[in-house]
Amino acid sequence: MSNPASRRPPWDDYFIGITFQVARRSTCDRARVGAIIVQDRRILTTGYNGAPAGLPHCDEIGHLMVNGHCVRTLHAEQNAIIQAALHGVSVAGSTIYVTHQPCLTCAKMIINAGIRRVVYAGHYPDPNAVAFLQEAGVALQHIDVPLADRLQALIDE
């Protein structure tokens with residue numbers, strides 16, 4: 001008889017899986033990104049790419065493009081950090097799980113929020129973000145597992 005615990009995913013796989021589900025709520029189809037902030041194996045907040053509260057979303061009125069980027073939306077990491085601030089939840093010492101490597105702006109917000117670890121699945125070409133996180137002592141871990149590919153397919157449905 002197999003041990004049921006052996007079928008349980010490791011914590012990082014579990015949380016990155018939830019992060020991909022959160023990304024399905026994204027309202028900008030240029031980058032469906034999700035983020036969750038976790039402390040002591042408890043989800044504190046979630047975030048996904050979307051317009052500021054009360055404003056129209058990309059999937060309603062289209063993209064607002066500047067220099068090749070859609071600027072209508074907040075990034076998933078930003079929304080997760082803002083949700084924590086809005087509800088008075090400290091994220092100091094936590095881990096943020098993200099479907100994609102954070103950009104430089106999000107990396108700076110992660111550093112100032114006191115988040116100590118970033119776990120991400122998809123790559124984003126921003127070496128400055130990596131350098132800032134490393135210099136600030138924030139652990140950066142890429143999950144390179146088939147699980148991420150399977151979950152990405154859910155987002156692309």
Side-chain angles (χ1 to χ4, degrees), residues 12-13 15-38 43-92 94-157:
D12 284 345
D13 290 351
F15 288 123
I16 203 74
I18 293 170
T19 304
F20 275 89
Q21 288 296 319
V22 170
R24 294 180 72 190
R25 299 261 322 140
S26 294
T27 59
C28 181
D29 63 3
R30 289 183 51 82
R32 295 195 187 278
V33 179
I36 64 172
I37 300 176
V38 174
I43 297 171
L44 302 177
T45 63
T46 66
Y48 52 85
N49 285 13
L55 298 182
H57 295 279
C58 295
D59 60 7
E60 296 168 341
I61 65 168
H63 301 287
L64 177 57
M65 300 300 293
V66 175
N67 296 326
H69 296 279
C70 179
V71 297
R72 183 173 309 287
T73 64
L74 290 158
H75 289 188
E77 303 94 321
Q78 295 167 348
N79 271 323
I81 292 167
I82 290 167
Q83 285 300 309
L86 183 65
H87 296 289
V89 176
S90 174
V91 296
S94 65
T95 296
I96 189 166
Y97 292 84
V98 192
T99 56
H100 296 73
Q101 175 200 309
C103 69
L104 181 57
T105 298
C106 289
K108 292 185 285 187
M109 290 181 69
I110 287 165
I111 293 164
N112 276 7
I115 295 170
R116 301 307 310 152
R117 183 171 174 246
V118 176
V119 178
Y120 68 97
H123 290 289
Y124 182 78
D126 194 335
N128 290 321
V130 172
F132 272 55
L133 291 165
Q134 289 173 341
E135 188 175 346
V138 176
L140 186 62
Q141 180 181 347
H142 176 249
I143 291 187
D144 188 20
V145 294
L147 171 66
D149 295 332
R150 290 195 309 270
L151 293 171
Q152 183 65 45
L154 291 173
I155 293 170
D156 295 336
E157 289 179 345

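Below, each value reflects all heavy atoms present in this structure, side chains not excepted, and no hydrogens, waters or symmetry copies. In this text the structure is predicted, and so the values were computed from the model without any measurement.
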Show the nearest heavy-atom pair for residues [X] and [Y], with the distance to one decimal.
X: Ser94; Y: Leu44; result: CB-CD1, 4.5 Å
X: Cys70; Y: Cys58; result: SG-SG, 3.4 Å
X: Leu55; Y: Ala51; result: O-CB, 3.9 Å
X: Arg116; Y: Ala136; result: NH2-O, 3.5 Å
X: Thr27; Y: Gly50; result: OG1-CA, 3.3 Å
X: Gly68; Y: Arg30; result: O-NH2, 3.0 Å

Heavy-atom side-chain contact between [X] and [Y] under 4.5 Å:
X: Thr45; Y: His87; value: no
X: Val138; Y: Gln134; value: no
X: His63; Y: Asp29; value: yes
X: Ile96; Y: Glu77; value: yes
X: Arg117; Y: Val119; value: yes
X: Ile110; Y: Pro102; value: yes
X: Asn49; Y: Arg32; value: no
X: Val118; Y: Thr95; value: no

Test your reading of the model: is there a side-chain donor-acceptor pair from Thr99 to the backbone of Phe20, 3.5 Å cut-off? no
Looking at Tyr120 versus His142, is the centre-to-centre ring distance below 6.0 Å? yes
Can you confirm whether more than 12 heavy atoms, excluding those of Glu135, are under 6.0 Å from its CD atom? no
Atom [atom1] of [X] and atom [atom2] of [Y]: how far apart are they, to the nearest 0.5 Å?
X: Tyr97; Y: Thr46; atom1: OH; atom2: OG1; value: 15.0 Å
X: Ile111; Y: Cys106; atom1: CD1; atom2: SG; value: 11.0 Å
X: His75; Y: Ser26; atom1: NE2; atom2: OG; value: 10.5 Å

